[in-house]
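We name chains A, B, ... by the order of the sequence lines, and we start the count at 1 in each one.
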Protein chains: 2
Amino acid sequence: MGSDTKTALLDLAEYTVRSRGFDGFSYADLANAFGIRKASIHYHFPTKANLSEALIERYQTRFQCRLTDIASANATAGARLRALVALYREALHEGQTVCLCVAFSSSRESLSETVISRLGMFRSMVLQWITAVFELGQTDNTILALHQPKQEAHATLAMLEGAHIAARAEQDITLFDAATFILNARCLVHTSSGHSTL
Amino acid sequence: MGSDTKTALLDLAEYTVRSRGFDGFSYADLANAFGIRKASIHYHFPTKANLSEALIERYQTRFQCRLTDIASANATAGARLRALVALYREALHEGQTVCLCVAFSSSRESLSETVISRLGMFRSMVLQWITAVFELGQTDNTILALHQPKQEAHATLAMLEGAHIAARAEQDITLFDAATFILNARCLVHTSSGHSTL
DNA sequence: GTCTATAGAGAGATAGAC
DNA sequence: GTCTATCTCTCTATAGAC
């Protein structure tokens, strides 16, 4: 292996969990992919629980950075929301992988308490970010037909994760686009005259 | 066992798949629950693939009946959509189980071609039904701010399945209610004067 | 940090008695 | 229709050599 085997293992483990589920991947899968032995992987991650905790921690850190980047790069609520949809679209990998959060939620019974707790923190973080975007939208009028930021945030996160499930079920990214079409259409990228459209 | 062991096995298998995922349950789980041996279950369902096919077939049949019942019992599009949301809410079992369709989608790699095909048929069937409801909504004006029935149907199904994932992740049915609040609010149960509200 | 070797548990599945 | 017994495979995990 190169300089950072641990990172490479995490990368493949994340992809595999997100495409096959937590119960659908094994140390043998990782070992075969890298041409090493299972025992070597146990050196880096003694137990599968350790590995899953490392996965969710890194995922949350990275995702939070992406959200911060989106806010920095996009001034309007409409542009931020569109960028969020694009982020989830990218995370689909053409219908091969769902969000780690979705993958872990589906295997709840096999996870450690630590991971379940982190899962809740991850959702709260994303919900809070989306809520803030909708609140901004009420001010800058770049999201159409917007009245309840908090409820819209819950609905939006559910829709994005559900769109992942739909596209993954049929390995067809156009199903993601179909599910998010109306949300995208509600988003104006630039502020205009400042009056609400509906 | 009573008169119909096979049905009882399907019942428990369905509940277990929906709460633990397809890779998260085994013949041993079923055998222990009924106090019989694994070999006896292989008598009813020779392979796990056979069992999974029986599960999805029965699920589709039953679900389609429920949708037909909803259409019979509710005249307006708004009332039908609210009933659909209630159906999904009930299917959550207080946050313990997701829709079989969601559970299977998360374990795609472990399923037979037959089940994957049935999964697609199931989604198409539900999408078609929801689309028809939205088309009715354009006529009877019982769903607010409605413009594109087909796109709304995709978004709605994604939202319902995503709401299942959210509620399951934290075993908290109020997360389902939060995600579906706005959709419910858009639904009028009775036809009124016939003018669009927005 | 990777290896060989192995333990111990559990998976899906089958043969054949009752 | 259910049983005992068993097969084969895979899983997570550990001990100890290199």
Review point. Should the pair B:F22 and B:F104 be assigned to parallel (<30°), tilted (30 to 60°) or perpendicular (>60°) ring geometry?
Key: perpendicular
**Study point:** Integer-rounded Å distance: D:dG1 P and B:D4 CG
**Key:** 9 Å
Check your understanding: Does A:L55 share a hydrophobic cluster with A:Y15, counting links as ILVMFWY side-chain heavy atoms below 4.5 Å and allowing steps through other members?
Key -> no
Practice item. Please say whether the positively charged group of A:K6, taken as NZ for Lys or CZ for Arg, lies over the ring of A:Y43, i.e. under 6.0 angstrom from the six-membered ring centre and within 45 degrees of the axis. Key: no
Practice item. Look at A:T5 and C:dT2 and indicate whether a side-chain polar atom (N or O) is within less than 4.0 Å of OP1 or OP2. Key: yes
Check your understanding: Where does the angle between the aromatic ring planes of A:H164 and A:F176 fall among parallel (under 30°), tilted (30 to 60°) and perpendicular (over 60°)?
Key -> tilted
Practice item. Determine: side-chain N/O of A:S26 to OP1/OP2 of D:dT10, distance under 4.0 Å, yes or no. Key: no
Review point. Would you say D:dT2 has OP1 or OP2 under 4.0 Å from some side-chain N or O of B:Y43?
Key: no
**Study point:** Per-nucleotide protein contact string for nucleotides 13-18 of chain C (B base, S sugar-phosphate only, - none; heavy atom under 4.0 Å)
**Key:** BBB---
Check your understanding: Once you round it to whole Å, what is the distance between C1' of D:dG1 and CG of B:L30?
Key -> 16 Å
Review point. With a 4.0 Å cut-off, would you call B:R58 and B:D11 a salt bridge?
Key: yes
Check your understanding: Are the side chains of B:V133 and B:I70 in touch, meaning some heavy atoms are under 4.5 Å apart?
Key -> no
Exercise for review: Check the distance between C:dA11's P and B:F22's CZ and give it to me in whole angstrom.
Suggested key: 13 Å
Practice item. Could you check how far CD1 of A:I41 sits from P of C:dC3, rounded to whole Å? Key: 9 Å
Check your understanding: Starting at CG of A:L51 and ending at C1' of D:dA13, how long is that distance when rounded to a whole Å?
Key -> 14 Å
